[in-house]
Structure formats: C-alpha cells, structure tokens
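Below: the structure, in structure tokens.
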Amino acid sequence: MCGIFAVSGDSSKAGSSVLKGLKKLEYRGYDSWGVCVREQESGTIFIEKEVGKISTVKRDFPAGREAIGHSRWATHGGVTRTNAHPHKVGRVTLVHNGIFENYLDEKKKLSAYAFASETDTEVIAALIDSFLAQDIEPLQALQRAACCIKGRFAILVMIEGREGIFAARRGSPLIIGRGATQTFIASDVPAFLEQTNVVNYLDDDEMVHVVGNKAHFFHLETGTPIEKRNISVPWKVEDAEKGDWPHFMIKEIFDQKKTIQKAIDHEDRKLQQAAKLLENSNGAYFVACGTAHKVAMAAEYFFADIVGRKINVVPASEMPSFERFVNPKTVIIAVSQSGETADVLEILERGKKKGAKILALTNVVSSSMARLADVHLPINAGPEKAVASTKAATAQMALLFLLAYTEIGQANVGRQILRSTASSINDMLNPRYENYIRSVAERISQQPNLFIIGRKSLYPMALESAIKIQEVSYINAQGFAAGELKHGPIALIEKNTPCLVLGDDPETLSNAIELKSRGASLIGVSPTRHDVFQEWLRVPDCNGAQAIASIIPVQILAYHLALLRGLDPDMPRNLAKSVTVK
Ligand code: F6R
C-alpha cells in the first residue's frame, strides 16, 4: 500500500534511480507517483508528480545525489496530482506510507498553514516544518511530530538547507539497503535489489538519517543512537523480475513448479517449535485476510483431519468480536504473504499484550509480523509481486499441512505427501496445460457470472477461486460450499452459466448434477474426468493435500480471463499488494 523509496550517495543521478526503484515497487500502489530531487548545485528542491501508473514513465531529472519518491494507493483524498506525494510544506518535503488517524485534529492546530491537498501526509510535513520553525533540530522535529501521530507511518523527509534524508517508521515497513556507493531506503527490498542485498531493518519507533552513503540510526522516542546489524537477504535479482514472462502473475503461477517443494524444505527445529506452541495452547485462532484467510480455512480442515483438532479461523477484521477469549494460553496464528497487513498486525499486537503466543507464517521474512512473532515460519516463496496472491497461497498451505503432520509426530509422512504433490504440480504446469485452460477461458470470458463449488478443504478453495477471478477479470465470481448450493444460490443458475466444480467425490458430483440439470455448463477440476463435466481441468490426486493442486488451474484461468477481457492482471483496479491500512 504505497511504495516509498529514497537514494543517497555518490551518483548525481539519484532522481532516475528513484524512478527506476519505484517502478519495482509499483505493485504496492499505482494510482499516481512523484519524485523529489535535491538539485546538486543549488540545493533547490525539485518535485515532479503525476496521476497514473509509473511503469511507462520516462523522465530526466536535474542532477542530484539525494532523491525520494512515492507510488501511491490513495487513502485520504482522491487520485489527483495535488494529492500525489511528495508534499512540500515550508522547508519540508515528504512522502508517506500509512494512515495518520488524527490528522484532522492536528490540521486544525496548524492554522498558520494553507494546505493544498486533502491528504493526511501534508499535515505530517506541516507538523515537522512547524517544529523546524521553532529552531528545533530536524531529528527532534521528527520525534516531536511522531508524538502527535496516531496510526501507522513510514516517512521519508528532505529538508531545505539540511543535508541528507531523514526517515522514520511506526507500523509500516522501511528497509535500508547498503550499497557500495549509495544507500537506499525502501518499503521493500526489490526497489534496490539490483544494487545490493545487504540491508538494515528499521524497527518500529526508529529513525535514520542518511548522509551520502552513511546511515545513522536513532530511537524515535528517546533520540539515542542505535547500532544496526548488516543482514544479507537471500533473494536474487531474477526472483523479483518477470524476465521473459509477460506478467508477474503468470510467472508466479509457474514458480509453483518449485515453491511448494521450497516451502517444505523447512528447518525441522522451527516446525517443532511451532508444533510445541500449538500443543501447549488452550485455544488457537487463525487470523488472516483475503486469500491468506482462505488458506487458513483450508488449514482448518487439515488440522481437523490430520490432528483431530479444531482451530478457529477468523478474518482479521472480524476478530475484535472474539478478542475477549484471547488469553495467555491462546496461540494466534497469523497467515500473511506480506506480513504487514494492518488488520492482522493489530490483532497480533493486542493479543501479545494479553500474553497470547504468536505464530506467524509470512513470505516477507523482514516483515512486522515476523518480527513480532514468538515463532516465525517463513514460507520461502520468493518475492510475490502480482497483486493476486498465487504462489504464496500454495506455499502457505503446504507449510500448514506439514505443520499438522509435525504436530502428530509424523512430519516425514507429511513431507512425503507434499513431495509427491510438488512433483505432480511440476509435471502439470506446462504450456499445453496452460493453452487448454486458455481455450476454456475463451469460451467463458464474456459471461457476467461464474460460480464455483467445493467441499471440505476445496470449499475454501472455491472461495479463493472466486477472489482470484473477481480481482483480475472483474467477472462476478462466487464460491460456495457444494452442499449449500441448494439452500439459495442455485436460484442464480441459468442456461450456460459457467460453474467450476472443484473435486469429484460422490457428494460433490451429485451437486454438480443438480447444477447441470438447471442448465449450468460445468468445468470440472479433479483427478478424474466425469461425464457431467463439459470441460475438465485435470489435477493430480494429492492424498489430503488436494486444495494445493486444485487452486492452480483456477489461477491460470483467472489470468487468461483477465487478458481476454483486455485487463492488466498484475495491476487490478482499486487494489494494492500490501494492505497496510485498516
Ligand atoms: C488476493 C490477495 C489478498 C491478500 C490479502 C492479505 O489475491 O492477495 O486478498 O491475500 O490482502 O495479504 P497478506 O497475505 O499480505 O496479509
């Protein structure tokens, strides 16, 4: 949710470097963009900003060794040039990722300022400027401003007449990249991965002042200096690029040839720790949003089948109604690709205060959730940049399936099943398979509605199928528990309404026949072909891990539906990859 990026160091092309890095963060927001350069000779602040996607933008910037930039997903204020970041107020130019909840109260107090935009961000810039105007030093001005802010923020600040770039965070990610001649500050590693994989993680309530290629770290509350460890991120440049693939989404779908295996090549010690946490608990909750929530629902079935244990699954935004049941014996299991989703983070922070233990499965290892967790299990899927989550979801399911087997002391059995699943998926994912799915997409691409049914762990996959299809193709797709169909939704079926049937157990087939008798055209997603299916997307038989394989052809279908409808599957309207606001 908004990408922010800063470059400081030797090169006088900092503006172009920021533009290039922001393009790699565009998946975080693509409503508008802006770049600010401190001009080398004059020290003047140069700002360029525009509405629209940054990916196709070509610009020359004035020479300068320091630049900051922003790619926006609008929260406060519409998508206009004025609302785009950076915002300049007095001597302060600033970009921001987060939500300043009490900005209207603070704005009222800053009556000396004439605000140009409707954003909360401009108020932060004014706050800092108001402290500078009282001859307060920049680092202290940042500290004072942070005291006024309720909510989450990651900010990058340039101050006229003061060397360097200042940055601070509370609740939104900021990572410092340590290059040989330049230092970078970004919301995510891909922005600077071409230059360096050596990073310092900025934690909540910390700030940094980058001057040239040097970074000085401080506590945001006390202002005391802190030392940071250099850490090497195990990502390769090509992991974060689409290479010859036309879109990240299809690249990441095909990455699943390897990522399921990678998810289970997991440190046994960590898995045992996670299993112990669950074993010692009295009450456990999966808390997640969107696709990750559907993954958690599938894991609910895995734990019921394998461990004989019921784990509650609650969408993070609904969890407040159940928080009074959270106590020191509770384990909260966060499932998240980004590890930054605000709704989940809040539940974890409050749960932790009540003494609950936190188990987090995230893809981004440096994420806030990973750092908050008592036990963190990385899912090792590599950077996922398409807004629609694909490989992260299947890697999460694989790891949770393995965790269930670990809890009953049979990690080897779980690994065996998953290895064979991974190998079958590797065989399944080939150009012929994709072409066939495209031909199915061609037949249904202009249909307004599409329904999906599934049973047991394929029920959450029916819901997940609907999310995938909705978000990239904008078709009205709805997922249902197969058995629930005749309790209402079947009224929606008309002649030729396309319906995906996940699974081929006798009950689901019987529901499929009910659909067909009302005129639906059925697309089966199952290990075996059945007469009732008009088209059939074969998936391997995965011995309990069926959910993992069954979602993959639907991901491919969603991708091709988007293309056939003339849409960009990597950047669906109104969405952003990492939802760091509530
Ligand atoms: C859909 C999708 C979203 C995310 C949700 C949670 O394809 O990607 O529904 O699953 O926003 O995000 P994470 O997993 O980062 O917490």
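Position 1 is the first residue of the sequence, and the numbers go up from there. Quick caveat, the model's predicted, so the values are computed rather than measured. Whatever order the structure lists them in is the order used to number ligands and atoms, beginning at 1.
- With D204 as the fixed residue, the side-chain hydrogen bond (donor to acceptor under 3.5 Å, both in side chains) test singles out one of R170, R371, R169: R169.
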Ignoring hydrogens and angles, write down the donor-acceptor pairs under 3.5 Å from the side chains of residues 240-250, residues two or more places apart or on other chains.
unit_1, atom_1, unit_2, atom_2, d
E241, OE2, K24, NZ, 2.9
H247, ND1, Y559, OH, 2.8

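- Residues in residues 469-484 take part in these salt bridge (charged side-chain N to carboxylate O under 4.0 Å, His left out) pairs, two or more places apart or across chains: K468-E471.
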Present, as a list of atom pairs with distances to 0.1 Å, all nitrogen or oxygen contacts under 3.5 Å between ligand 1 and the protein.
unit_1, atom_1, unit_2, atom_2, d
ligand 1, 7 (O), T291, OG1, 3.3
ligand 1, 7 (O), S389, N, 2.9
ligand 1, 7 (O), K468, NZ, 2.9
ligand 1, 7 (O), E471, OE1, 3.3
ligand 1, 7 (O), E471, OE2, 2.4
ligand 1, 8 (O), V387, O, 3.3
ligand 1, 8 (O), S389, N, 3.4
ligand 1, 9 (O), T291, N, 3.1
ligand 1, 10 (O), T291, N, 3.1
ligand 1, 12 (O), T341, OG1, 3.4
ligand 1, 14 (O), Q337, N, 2.7
ligand 1, 15 (O), S336, OG, 3.4
ligand 1, 15 (O), S338, N, 2.8
ligand 1, 15 (O), S338, OG, 2.6
ligand 1, 15 (O), T341, OG1, 3.4
ligand 1, 16 (O), S336, OG, 2.6
ligand 1, 16 (O), T341, OG1, 2.5

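- Under a cut-off of 6.0 angstrom, the local environment of NZ in K251 is crowded, with over 12 non-hydrogen atoms contributed by other residues, nucleotides or ligands.
- Screening E464, E384, Q396 for a side-chain hydrogen bond (donor to acceptor under 3.5 Å, both in side chains) with S389, the sole residue that qualifies is E384.
- The list of salt bridge (charged side-chain N to carboxylate O under 4.0 Å, His left out) pairs with a residue in residues 283-298, not counting sequence neighbours, is empty.
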